[in-house]
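Shown next, in structure tokens, is the structure this report addresses.
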Amino acid sequence: MKRFLPFAFLFLLLSSCNTADTITFTAVIAQIGEGSILVNTPDDSLGFQTASVSLQETITLPENLSVGQMVEVVALPEIRESYPVQVTAVKITQKESSMAEYQKITPQEAMQMMQGDAIILDVRTQAEYDQGHIPNAVLLPDTEIRSKAETLLPDKQKTMLVYCRSGRRSAVAAKELVQMGYSKVYDFGGILDWPGEIVK
């Protein structure tokens, strides 16, 4: 005589298999849509740095989500190739440090940090850069950050020291970099207050 597993036991067995069949990652929200979010991950260990996260029908987005916020995403393992890649979330939770933030520092602090392995990012225009810039500064105009940052600055764990002319554009640019998943962003204001060398 054949013996059958009790239905309840079989259900539990299948459920336990499915719950382990997910991927989990931390990300920064770049955009919030209807039933989905666009996120940037701090690194590419999963094979992607930007993903469109749709929601499984049984879940809803947490309340009070905002752009720049850090979340933990538990998703189905199926990653649909496109740009950005698409994943389906089964759970989204807000991280304790809810907002990823850039740090405001003084030019003197930036000068000290430049002794280490940091990228100096000039977010002014090409014309302004040509008139004079901080030595070794990389030019990335604030209007081109969304389109060029991930190509020009692929390492999102790298320390970024951001400046502009007066400090207004550097603050906006630093916030935008954080929203894109860059984790070590420092705004040191404008070149008008820079006490060090300027080259052409």
Side-chain angles (χ1 to χ4, degrees), residues 11-104 119 121 123 138 140-162 169-187:
F11 177 80
L12 287 173
L13 182 63
L14 292 173
S15 297
S16 65
C17 292
N18 289 337
T19 55
D21 200 19
T22 58
I23 55 173
T24 302
F25 59 92
T26 300
V28 178
I29 298 175
Q31 186 177 329
I32 301 174
E34 187 72 29
S36 68
I37 55 175
L38 183 69
V39 300
N40 295 299
T41 59
D43 60 66
D44 60 356
S45 61
L46 290 169
F48 59 85
Q49 289 188 321
T50 302
S52 175
V53 182
S54 59
L55 305 178
Q56 207 173 42
E57 293 180 0
T58 54
I59 69 167
T60 57
L61 284 173
E63 294 182 5
N64 303 321
L65 283 186
S66 59
V67 171
Q69 192 168 41
M70 296 190 73
V71 292
E72 182 178 80
V73 179
V74 180
L76 298 176
E78 179 191 357
I79 298 174
R80 299 179 293 285
E81 292 294 333
S82 65
Y83 186 80
V85 299
Q86 299 177 34
V87 298
T88 301
V90 296
K91 184 179 181 183
I92 295 177
T93 54
Q94 300 174 21
K95 297 291 285 182
E96 280 184 19
S97 97
S98 59
M99 291 296 290
E101 295 179 352
Y102 68 89
Q103 296 185 51
K104 180 71 177 175
I119 292 175
L121 197 62
V123 297
V138 175
L140 179 60
D142 62 312
T143 55
E144 300 177 3
I145 285 177
R146 283 286 172 190
S147 60
K148 295 185 177 179
E150 291 183 336
T151 301
L152 192 63
L153 310 166
D155 187 355
K156 293 189 176 183
Q157 301 297 312
K158 198 94 166 178
T159 298
M160 306 282 170
L161 304 173
V162 185
R169 284 173 288 175
S170 63
V172 174
K175 182 177 181 180
E176 194 162 20
L177 287 167
V178 168
Q179 291 174 0
M180 293 179 69
Y182 292 88
S183 59
K184 299 174 183 176
V185 182
Y186 300 85
D187 167 24

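For the numbers below, each heavy atom of this structure counts, side chains included, while hydrogens, waters and symmetry mates do not. Since we're looking at a predicted model, the values are computed, not measured. All residue numbers in this chain count up from 1 along the given sequence.
Here the CD atom belonging to Gln179 is positioned 10.5 Å from the CD1 atom belonging to Ile145, to the nearest 0.5 angstrom. Rounding to the nearest 0.5 Å places NZ of Lys184 at 15.0 Å from CG of Leu177. Taking OG1 from Thr22 and CG from Leu76, the interatomic distance works out to 8.0 Å, rounded to the nearest 0.5 Å. Taking CG of Leu121 as the start and CG of Leu140 as the end, the distance is 5.0 Å to the nearest 0.5 Å. Between Asp155 atom CG and Ser183 atom OG the span is 8.5 Å, to the nearest 0.5 Å. Put simply, OG1 on Thr159 and CD on Gln103 are 10.0 Å apart, with the number rounded to the nearest 0.5 Å.
Between Tyr182 and Val28 the shortest side-chain heavy-atom distance does not fall below 4.5 Å. Taking the side chain as every heavy atom from C-beta outward, Leu152 and Glu144 never approach each other to under 4.5 Å. Ile79 has its side chain within reach of Ile23: a pair of non-hydrogen atoms, C-beta onward, lies under 4.5 Å apart. A heavy-atom distance below 4.5 Å is not found between the side chains of Lys158 and Leu153.
Across Lys175 and Tyr102, no two heavy atoms sit closer than the pair N-CD2, 3.7 Å. For the pair Asp187 and Ser170, the tightest heavy-atom approach, listed with the atom from each and the gap, is OD1-OG, 2.6 Å. Nearest approach of Ile32 to Leu65, heavy atoms of both residues: CD1-O, 3.6 Å. Scanning both residues, Leu38 and Pro84, for their nearest heavy atoms gives CD1-CG, 3.6 Å. Annotation for Val39 and Phe25: closest pair CG2-CE1, 4.2 Å, computed over non-hydrogen atoms. The two residues Ala173 and Val162 come nearest to each other via the heavy atoms CB-CG1, 4.3 Å.
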Output a table of donor-acceptor pairs, distance under 3.5 Å, between side-chain atoms of residues 85-93 and any protein atom two or more places apart or on a different chain; print 'none' if there are none.
from	atom 1	to	atom 2	distance (Å)
Gln86	NE2	Ser82	OG	3.4
Thr88	OG1	Arg80	NH1	3.4
Thr88	OG1	Arg80	NH2	3.3

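A donor-acceptor pair under 3.5 Å is absent between the side-chain atoms of Lys148 and the main chain of Pro141, judged by distance alone.
Qualifying salt bridge (Lys or Arg N to Asp or Glu O under 4.0 Å) partners for Arg146, counting only residues two or more places apart in sequence or in other chains: Glu176.
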